[in-house]
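Bear in mind the structure is a predicted one, so any value in this text is a computation, not a measurement.
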Amino acid sequence: MAKFLEYVPGESFLHRMNPCVKLIGAVLIAIACFVTSNLVFLLILLAAALVMAASCGLGRETAGLCKAVFAFSLILAVVILLTTPHGMPLVPLPWGYIGTGSLLAALTVVVRLMAAAIPLFLVFYVTKMNDLTNAAVKQLHVPYKYAFTFTSTVHFIPVFMNDMAGIMEAQTARGVEFDGSFAKKVRLMIPLCVPLLVSSVRKTNSAAIAAEVRGFNLRTRESGFKEYPFSGIDFAAMGIAAVLLVVAILLRVLL
């Protein structure tokens, strides 16, 4: 008998949503963030994403993600400030100036990346990779080998990060100091990519052998025993995500 998604007391609405709906909704919101440049709309999306993260009890994890995204987006913001002279001049530069439009564009980039990253982060954090793979195969008719490849890639990201952290700790124990400028860190970390590559190839080969032994090539859409029914909250979430995308497109066209 097919096994259905079960409600667990204490779980948020995001946990109870269909895996495909969560993924498609997050992708639509991310597209909406990149379609529009309206800062007010992006701030609304960011606030809604933070509220959604808080409702899932993932405030601390989301704060860590925002910190990492902010550090990356800050580099892009600096580049925009220095290369896009727009608006009223504020700071003169030898090749142009930093204007009010430059500041607005830099702030928009930071908010856009954070607003787009949080929904995707929540989807992968609250959804089991097996559920995401099976739902994509059953309901979106994605070939199993492609769905498995995608979810395996996502699964191996933290594994490789832990391996890199272990290699860096081993090098630190041998007297290597990673503190210093960004260029120094890059110079010291490039040689560490070799043992990380060797480790990743070994893990990938072991995973491929294990999958083949367990009949990976025989897996079909009917092989999954769990069903993923749609509920009212799924249709509401898809409708909201679609409306947000339409609003973003309208803002792009009209403003």
Under 3.5 Å donor-acceptor pairs involving side-chain atoms of residues 240-255, not counting sequence neighbours:
{"from": "Arg252", "atom 1": "NH1", "to": "Ser37", "atom 2": "OG", "distance (Å)": "3.4"}

Indicate yes or no for a side-chain donor-acceptor contact from [X] to the backbone of [Y] under 3.5 Å, with no hydrogens or angles considered.
X      : Y      : result
Asp234 : Asn18  : yes
Thr84  : Ser102 : no
Asp131 : Thr127 : no

(request) Tell me whether Leu132 is reachable from Ile233 by hopping between hydrophobic residues (I, L, V, M, F, W, Y) whose side-chain heavy atoms are closer than 4.5 Å. (result) yes
(request) Indicate if Val69 and Leu76 have the same hydrophobic cluster label, given that clusters are the connected sets of ILVMFWY residues with side-chain heavy-atom separations under 4.5 angstrom. (result) yes
Solution key, residues 40-48 side-chain donor-acceptor pairs under 3.5 Å, sequence neighbours excluded:
none

Kindly give the heavy-atom pair with the smallest separation between [X] and [Y], and that separation in Å.
X     : Y      : answer
Cys66 : Met114 : CB-CE, 3.6 Å
Val79 : Thr83  : O-OG1, 2.5 Å
Ala77 : Val110 : CB-CG2, 4.0 Å
Met17 : Lys22  : O-CE, 3.5 Å

(request) Would you indicate whether the side-chain heavy atoms of Cys20 and Tyr228 approach each other to under 4.5 Å? (result) no
(message) Quick one, Met52 and Leu58 - any side-chain contact, counting heavy atoms below 4.5 Å?
(response) no
Without placing hydrogens or testing angles, list every side-chain donor-acceptor pair under 3.5 Å for residues 118-126, not counting sequence neighbours.
none

(request) Tell me who clusters with Val91, hydrophobic residues only, linked when side chains sit under 4.5 Å apart either directly or through other members. (result) Val78, Leu81, Leu82, Leu90, Leu93, Trp95, Ile98, Leu103
(request) Output the distance between atom CZ (Arg112) and atom CG (Leu107), rounded to the nearest 0.5 Å. (result) 11.0 Å
Residues 23-35 side chain polar contacts: donor-acceptor under 3.5 Å, at least two apart:
none

(message) I'd like to check the salt bridge (charged side-chain N to carboxylate O under 4.0 Å, His left out) partners of Lys128; sequence neighbours left out, ordered by chain and number.
(response) none
(request) Dump the intermediate steps for side-chain contact (heavy atoms from CB on, under 4.5 Å) on Thr133 and Tyr144, then the final yes or no. (result) CA-CA 8 Å; Thr133 301; Tyr144 181 76; 3.7 Å; yes
